[in-house]
Amino acid sequence: MPLTRCVVVGFAFMALAAAPANASPRGPVSQPAAVASIGMRLVDVPVAARNDPRAQVYLVDHLAPGTVIHRRIEVSNTSPSSAHIVLYSAAATIAPGSFLGASGHTRNELSTWTTVRPSASDVGAHGRVSATVTVVIPRGAAPGERYGVVWAEARSTPVGGTGITQVNRVGIRQYLSVGPGGAPASNFAIESLTAERAPDGRPTMLAAVHNTGGRALDLSGALQLSDGPGRLRAGPFPATLGVTLAIGATEPVTIPLDMRLPAGPWDAQITLHSGLIARTARATITFPAAGASAPVSTASDRSGSTLLAIGGLAAVLVAVTAGVLVIPRPGRRRLASIAAFRPFGRK
């Protein structure tokens, strides 16, 4: 009976190299030749978006029907042997909190408007190749935002008889808004904040973020804690990356804090960003002994920052990873070693 051909895919968005995926079929099977590691970067950034961090790594544009644009990209082969790399655009969607590239060469409206030239290239060991992405917006295109990915793809050569091929893809996201005039405004609100404890006792922060604008958002940010027990300060704690908000969607930004962080109360401040847009929420928080506190609604001030003042065991803020704990003391400053925070203060 002939073996069914199997394709194993590894992929990444804007990674320097996509690690190959491995197949583990039953029984001893010869391994396919190693698939090349590839990288990809955007070379051109629209002048109007030169200060926007998202536009420096993704293809982010607002275009009128009938417009044609060209953007240069660079693809690198980081492996020690030559690689055949295929370049193309394929579909993408935004599903609960994530930007998802479709499998294979799945098409959507945006991918049919997008071409990459050259569409394939043999790239030498540790070599690079430039390509041009062209997007042609039909004159009758309906207003709205579309999503896609410009992929660079390398495949291994299967060992005879195995039927297994490894595929590596690395891609640049496409966020394309279509319509007359200027781009729809981006905006979001931090609607509620919740303090939780994970089953293992780790304090966790959740922020419910609502996309109130006309573009999809990629969220990042940080949390600062101050006026804690003994007037401790901690942070900044970077927020977990990877949350993408569709237009009109509300999703949580969740960050686990250090297990050794005191319960509080703390004065907490979280600031979240998407491109050039930033929103801030503040609260007085205490982590519960177990479970979660009730979500607490926030209100926005005129500057667009989100403010919150809560006491006791009420809820609260978002963002994290190991940080710095600061202990104010009279006299000169000194370094100490407390838990994972590397605290310091004045003596």
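Heavy atoms only: backbone and side chains are in, while hydrogens, waters and symmetry mates are out. Here the structure is a predicted model, which means the values were calculated and not measured.
No donor-acceptor contact under 3.5 angstrom links the side chains of Glu196 and Ser293, judged on distance only. Thr244 and Asp218 share a donor-acceptor pair across their side chains, judged by distance under 3.5 Å alone.
Contact of the Leu219 side chain with the Ser274 side chain is registered, since non-hydrogen atoms from C-beta on lie closer than 4.5 Å. Residues Leu176 and Tyr147 are not in side-chain contact: their nearest non-hydrogen atoms beyond the backbone lie 4.5 Å or more apart. A heavy-atom distance below 4.5 Å is not found between the side chains of Ser119 and Val116. Proximity of Tyr88 to Arg169: side-chain heavy atoms (C-beta onward) are separated by under 4.5 Å at one or more points. Between Leu223 and Thr271, every side-chain heavy-atom pair lies at or beyond the 4.5 Å cut-off. The side-chain heavy atoms of Asp61 and Ser177, taken from C-beta on, include no pair separated by under 4.5 Å. Residues Val149 and Ile172 fail the side-chain proximity criterion, which asks for heavy atoms closer than 4.5 Å.
No donor-acceptor pair under 3.5 Å is formed between the side chain of Asn168 and the backbone N or O of Ala154. A distance-only check finds no donor-acceptor pair linking the side chain of Gln224 to the backbone of Ile270 [under 3.5 Å]. Checked by atom type and distance alone, the side chain of Asn211 pairs as donor or acceptor with a backbone atom of Leu245 at under 3.5 Å.
Between Phe188 and His210, the ring centre distance reaches or exceeds 6.0 Å.
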Should Asn187 and Arg215 be marked as a side-chain hydrogen bond (donor to acceptor under 3.5 Å, both in side chains) after you check the CA-CA gap, both sets of side-chain angles, and the distance that decides it? CA-CA 8 Å; Asn187 201 1; Arg215 304 296 304 269; over 6 Å; no
Please determine whether salt bridge (charged side-chain N to carboxylate O under 4.0 Å, His left out) holds for the pair Asp52 and Arg54, giving the CA-CA distance in whole Å, both sets of side-chain angles, and the decisive distance to 0.1 Å. CA-CA 5 Å; Asp52 185 344; Arg54 294 177 76 227; 5.3 Å; no
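Checking each of Arg71, Arg50, Arg72 against Asp44 for a salt bridge (charged side-chain N to carboxylate O under 4.0 Å, His left out) leaves exactly one that passes, namely Arg72.
With respect to the salt-bridge test (charged N to carboxylate O, under 4.0 angstrom), the residues Arg233 and Asp227 do not qualify.
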Side chains of residues 125-142: which donor-acceptor partners sit under 3.5 Å, not counting sequence neighbours?
unit_1 : atom_1 : unit_2 : atom_2 : d
Arg128 : NH1    : Glu74  : OE1    : 3.0
Thr134 : OG1    : His70  : ND1    : 2.9

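Take Glu109 and apply the side chain to side chain donor-acceptor pair (under 3.5 Å) test, not counting sequence neighbours, and it matches Arg146.
Ring geometry for Tyr175 against Phe99 counts as tilted: the plane angle lies between 30° and 60°, on a 0 to 90° scale.
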